[in-house]
Amino acid sequence: MSVRVRFAPSPTGHIHVGNVRTALFNYLFARSEGGRFILRIEDTDLERSTLESENLIYEDLKWLGLDYDEGPKMGGDYGPYRQTERFGIYRKCAEELMEKGYAYKCFCTKEELDAEREKAQAEGRPPLYSGKCSRMTKEEADRREAAGEKPSIRFRAFKPNVLVKDMIHGEINFPTNSFGDFIIIRPDGTPIYNYVVVVDDAMMKITHVIRGDDHLPNTPKQVLIYEALGYEAPTFAHIPMILGPDHAKLSKRHGNTSVEQFRSSGYLPEAMINYMALLSWSSDDEKELFSKEELISKFSLSRVSKSAAVFDFDKLDWMNGYYIRRKTADELYGLCLPFLLDSGMADGGFLEKEKERVKAMLLSVRDNFVKLSDAPAFMEVYFKRAAEITPEAGEVLALETSAPVLEAFLDKIKNYEYLSPEDYKGIMKEIQKETGAKGKALYMAVRAGVTRSTKGPEMDSVATLLPVKELSGRVEETLSMIRRG
RNA sequence: GACCCGUUCGUCUAGCUUGGCCUAGGACAUCGGCCUUUCACGCCGACAACAGGGGUUCAAAUCCCCUACGGGUCGCCA
């Protein structure tokens with residue numbers, strides 16, 4: 001039987017990092033087994049689900065490069081893939097369950113149940129359903145329904161123990177009296193997660209359910225439903241949670257947690273994929289840098305660990321920088337453009353006209369980036385002078401040799417429009433001869449004179465990429481600042 | 001509270017199935033050094049962990065039990 005796995009998000013916003021890892025493991029497993037990866041939209045919560053959010057999910061998956069084989073838009077042999085379009089199926093299966101005695105109508109109101117639960121908890125008993133409606137006759141149920149009461153449908157926990165077989169955790173035994181009879185259809189006819197997930201996975205012929213281990217306690221309920229429906233349960237693989245730095249389940253309060261936030265703050269999809277793959281999974285060869293293709297060939301559920309992982313933003317940053325450093329000038333230009341535009345330091349027309357020069361600039365500062373959004377800060381040297389002289393640059397400029405060096409520099413470059421690297425080197429040599437300024441001091445003086453900082457890209461790229469007019473303007477300004485003190 | 005799950009450097013992890021090769025390996029971070037006419041990159045090195053206690057065994061990070069701690073779930077959310 002060929003492998004079929006699914007990613008089943010609720011359309012309530014952008015995909016969260018925890019879900020990215022779940023999607024990724026499903027994807028990697030499917031691709032490595034030559035199976036199919038299915039996208040199912042779990043929109044049974046009508047209140048929170050929106051079509052806009054559904055589109056955000058498509059965008060996020062596309063950006064991440066996680067392509068799927070069946071889903072709402074593209075269809076497939078086991079559709080529809082949107083749960084709101086499957087309500088008829090759920091209703092039919094529920095009728096079947098009631099006929100077989102696995103489910104019954106429950107007329108208890110939400111208020112009654114809440115009160116019951118509170119009372120139980122106050123008395124130190126587990127908050128279980130009393131079973132009040134479980135032995136109601138069909139006649140009475142029909143009568144009350146005819147009288148206008150709206151029942152929910154409740155599933156009967158029909159045996160005392162359930163054994164869950166999990167690829168990661170092994171066999172786990174759950175006593176069913178820890179949860180009791182549970183609702184599968186609300187009074188308004190909409191179905192509940194624990195129920196639809198089983199109907200869908202069974203009918204979509206899902207072979208492996210790979211999801212976060214926060215679902216582990218739900219699994220015995222689902223196994224019960226599989227059995228009642230006459231289906232064989234799929235293989236489960238409950239993967240560990242992702243935690244924030246405080247060791248609590250990763251959430252919005254930890255900052256950057258949606259795919260969109262990572263994208264817009266300058267992270268590369270390949271870094272996200274590579275980093276997330278390393279959370280609770282490791283390769284058998286101690287390597288850590290992998291392309292998506294390498295991950296597919298290396299991935300195995302048997303190498304997924306059991307314990308939760310803390311999301312390490314530092315390591316992600318390192319990896320993102322690693323991938324940025326491997327980008328070509330062309331790629332970098334396209335990638336950084338939105339961030340450059342956004343910073344307002346240069347307009348689109350200029351960036352387009354000076355494309356080749358901008359690419360060279362990008363290449364000269366690339367090694368400093370951690371995120372694409374760092375581009376503007378490092379490109380600042382090229383687009384405008386730092387407003388003030390940095391303390392380090394100030395020290396350099398205070399040296400007696402600095403002013404004569406800068407004056408000589410101004411004099412030498414005035415007949416050029418642009419400096420070539422050779423021009424620059426030659427000029428520096430001449431200045432050295434004339435002023436007697438030596439090595440480091442010479443170069444530092446020019447650097448400080450032009451950029452007013454001692455940090456940033458190599459000086460020869462700054463001198464080469466900037467028009468001489470700009471260079472001399474800057475140096476003159478710095479000189480007058482020195483003279484004023 | 002009940003029911004589950006988990007516990008190797010600060011963090012991600014290797015090793016645990018099939019005890020000995022583990023004076024516990026790698027990566028990020030940190031700190032040092034080298035490279036370098038800046039910063040960074042790169043290279044080299046240092047620091048740093050088997051939660052605790054009992055067993056079993058010639059031998060335990062690895063097997064068993066207990067304790068502690070952490071996490072998750074207990075909804076007409078998914």
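In what follows, every chain begins at residue 1, and chains take the letters A, B, ... in the order their sequences are listed.
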Asks: Between A/Y275 and A/P175, just flag the one whose closest nucleotide in RNA chain B comes earlier from the 5' side.
Replies: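 Result: A/P175.
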
Asks: Give me the atom names and distance for the closest heavy-atom approach of A/E42 to A/R40.
Replies: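 That would be OE2-NH2, 3.0 Å.
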
Asks: Expressed in angstrom and rounded to an integer, what is the separation of A/E458 atom CD from B/rU38 atom C1'?
Replies: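 Going from A/E458 (CD) to B/rU38 (C1'), I get 8 Å.
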
Asks: Could you tell me which non-hydrogen atom of A/F378 sits nearest to which non-hydrogen atom of A/V365, and how far apart they are?
Replies: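 Here A/F378 and A/V365 meet closest at O-CG1, 3.8 Å.
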
Asks: Just to be sure I understand the rule, does A/R303 reach a base, reach only the sugar-phosphate, or reach nothing, if contact means heavy atoms closer than 4.0 Å?
Replies: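 Touches sugar-phosphate only.
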
Asks: Indicate whether the side chain of A/T328 and that of A/Y333 have a donor and an acceptor atom separated by less than 3.5 Å.
Replies: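 No - no donor-acceptor pair under 3.5 Å links their side chains.
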
Asks: Taking only N/O atoms, report every protein-nucleotides 24-33 of chain B pair under 3.5 Å with atom names and distance.
Replies:
{"from": "B/rG25", "atom 1": "N2", "to": "A/E286", "atom 2": "OE2", "distance (Å)": "3.4"}
{"from": "B/rG25", "atom 1": "N3", "to": "A/E286", "atom 2": "OE2", "distance (Å)": "3.3"}
{"from": "B/rG26", "atom 1": "N2", "to": "A/E288", "atom 2": "OE2", "distance (Å)": "3.4"}
{"from": "B/rA27", "atom 1": "O4'", "to": "A/E288", "atom 2": "OE1", "distance (Å)": "3.1"}
{"from": "B/rA27", "atom 1": "O2'", "to": "A/E288", "atom 2": "OE1", "distance (Å)": "2.4"}
{"from": "B/rA27", "atom 1": "O2'", "to": "A/K315", "atom 2": "NZ", "distance (Å)": "3.3"}
{"from": "B/rA27", "atom 1": "N3", "to": "A/K315", "atom 2": "NZ", "distance (Å)": "3.3"}
{"from": "B/rC28", "atom 1": "O2'", "to": "A/K315", "atom 2": "N", "distance (Å)": "3.3"}

Asks: Check the side chains of A/Y267 and A/D317 for a donor-acceptor pair under 3.5 angstrom, ignoring hydrogens and angles.
Replies: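 Side-chain D/A pair, A/D317 to A/Y267: present.
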
Asks: Have a look at A/H208 and tell me which of A/F236, A/F37, A/F29 forms a ring-ring contact (aromatic ring centres under 6.0 Å, His included) with it.
Replies: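 Only one of A/F236, A/F37, A/F29 forms a ring-ring contact (aromatic ring centres under 6.0 Å, His included) with A/H208, namely A/F29.
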
Asks: Give the minimum heavy-atom separation between A/T435 and A/A408, together with the two atoms involved.
Replies: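 Between these two residues, the closest heavy atoms are CG2-CB, 4.3 Å.
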
Asks: Of the nucleotides B/rC5, B/rC4, B/rU38, which one has an atom closest to the side chain of A/F174?
Replies: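 Per side-chain heavy atoms of A/F174, the pick is B/rC4.
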
Asks: Once you round it to whole Å, what is the distance between P of B/rA14 and CH2 of A/W281?
Replies: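 It works out to 10 Å between those atoms.
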
Asks: Are any of A/K306's side-chain N or O atoms less than 4.0 Å away from OP1 or OP2 of B/rG6?
Replies: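 Indeed, a polar side-chain atom of A/K306 lies that close.
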
Asks: Considering every strand and a 4.0 Å limit on heavy-atom distances, what is the contact class for A/P245: base, sugar-phosphate, or nothing?
Replies: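 Since no nucleic acid heavy atom lies under 4.0 Å of A/P245, the category is nothing.
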
Asks: Could you tell me whether the phosphate oxygens of B/rC5, OP1 or OP2, come under 4.0 Å of any side-chain nitrogen or oxygen in A/S307?
Replies: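 No, outside the criterion.
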
Asks: Checking base pairs now: Watson-Crick or wobble, both atom distances under 3.5 Å. What partners B/rG1?
Replies: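 Paired with B/rG1, as far as the under-3.5 Å criterion goes, is B/rC74.
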
Asks: Looking only at side chains, do A/S461 and A/T464 share a donor and an acceptor under 3.5 Å apart?
Replies: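 Judged by distance alone, the side chains do not pair up.
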
Asks: For B/rA24, give the paired nucleotide (Watson-Crick: N1-N3 plus N6-O4 or O6-N4; G-U: N1-O2 and O6-N3; both under 3.5 Å), or none.
Replies: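 Looking at the geometry, B/rA24 pairs with no nucleotide.
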
Asks: Short question: side chain of A/D181, backbone of A/F158 - any donor-acceptor pair under 3.5 Å?
Replies: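 No.
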
Asks: By the definition ring-ring contact (aromatic ring centres under 6.0 Å, His included), identify the one residue from A/W281, A/F299, A/F7 that meets it with A/F25.
Replies: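 Exactly one option meets the ring-ring contact (aromatic ring centres under 6.0 Å, His included) with A/F25, and it is A/F299.
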
Asks: From the list B/rC3, B/rG42, B/rC12, which nucleotide is the closest neighbour of the side chain of A/R325?
Replies: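 Of all the options, the side chain of A/R325 is nearest to B/rG42.
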
Asks: Going 5' to 3' along nucleotides 72-78 of chain B, which nucleotides have protein heavy atoms under 4.0 Å from the base (write B), which only from the sugar-phosphate (write S), and which from neither (write -)?
Replies: BS-SBSB

Asks: List the steps, then state whether side-chain contact (heavy atoms from CB on, under 4.5 Å) holds for A/L278 with A/N274.
Replies: CA-CA 7 Å; A/L278 260 24; A/N274 192 159; 3.9 Å; yes

Asks: Which base, if any, makes a Watson-Crick or G-U wobble pair with B/rA61, both distances under 3.5 Å?
Replies: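 Pair assignment: B/rA61 / none.
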
Asks: What are the two closest heavy atoms between A/Y81 and A/G71, and how far apart are they?
Replies: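 Heavy-atom minimum between the residues: CD1-O, 3.5 Å.
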
Asks: With both distances under 3.5 angstrom, what nucleotide forms a Watson-Crick or G-U wobble pair with B/rU7?
Replies: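 B/rU7 is paired, partner B/rA68.
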
Asks: Write down the partner of B/rA46 under the Watson-Crick or G-U wobble criteria, each distance required to be under 3.5 Å.
Replies: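 Base partner found: B/rU30.
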
Asks: Between the protein and nucleotides 61-69 of chain B, which nitrogen or oxygen pairs are less than 3.5 angstrom apart?
Replies:
none

Asks: Taking all atoms of both residues into account, what is the closest heavy-atom pair of A/W318 and A/R325, and its distance?
Replies: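 For A/W318 versus A/R325, the nearest heavy atoms are O-NH2, 4.3 Å.
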
Asks: On RNA chain B, check which nucleotide each of A/A308 and A/M459 is closest to and give me the residue with the more 5' one.
Replies: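 Its nearest nucleotide being more 5', the pick is A/A308.
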
Asks: Side chains of A/Y226 and A/Q222: any donor to acceptor distance under 3.5 Å?
Replies: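 Short answer, no.
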
Asks: Please confirm whether the shortest side-chain N or O distance from A/S282 to OP1 or OP2 of B/rA14 is below 4.0 Å.
Replies: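 Indeed, a polar side-chain atom of A/S282 lies that close.
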
Asks: Paired with B/rC39 by Watson-Crick or G-U wobble geometry, both distances under 3.5 Å: which nucleotide is it?
Replies: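 WC or wobble partner does not exist here.
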
Asks: Measure the distance from CG on A/D284 to C1' on B/rC16 and round it to the nearest whole Å.
Replies: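 In whole Å, B/rC16 C1' and A/D284 CG are 16 Å from each other.
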
Asks: What is the separation between atom CD1 on A/I168 and atom C1' on B/rU17, rounded to the nearest whole Å?
Replies: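 Taking atom C1' of B/rU17 as the reference, CD1 of A/I168 is at 16 Å.
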
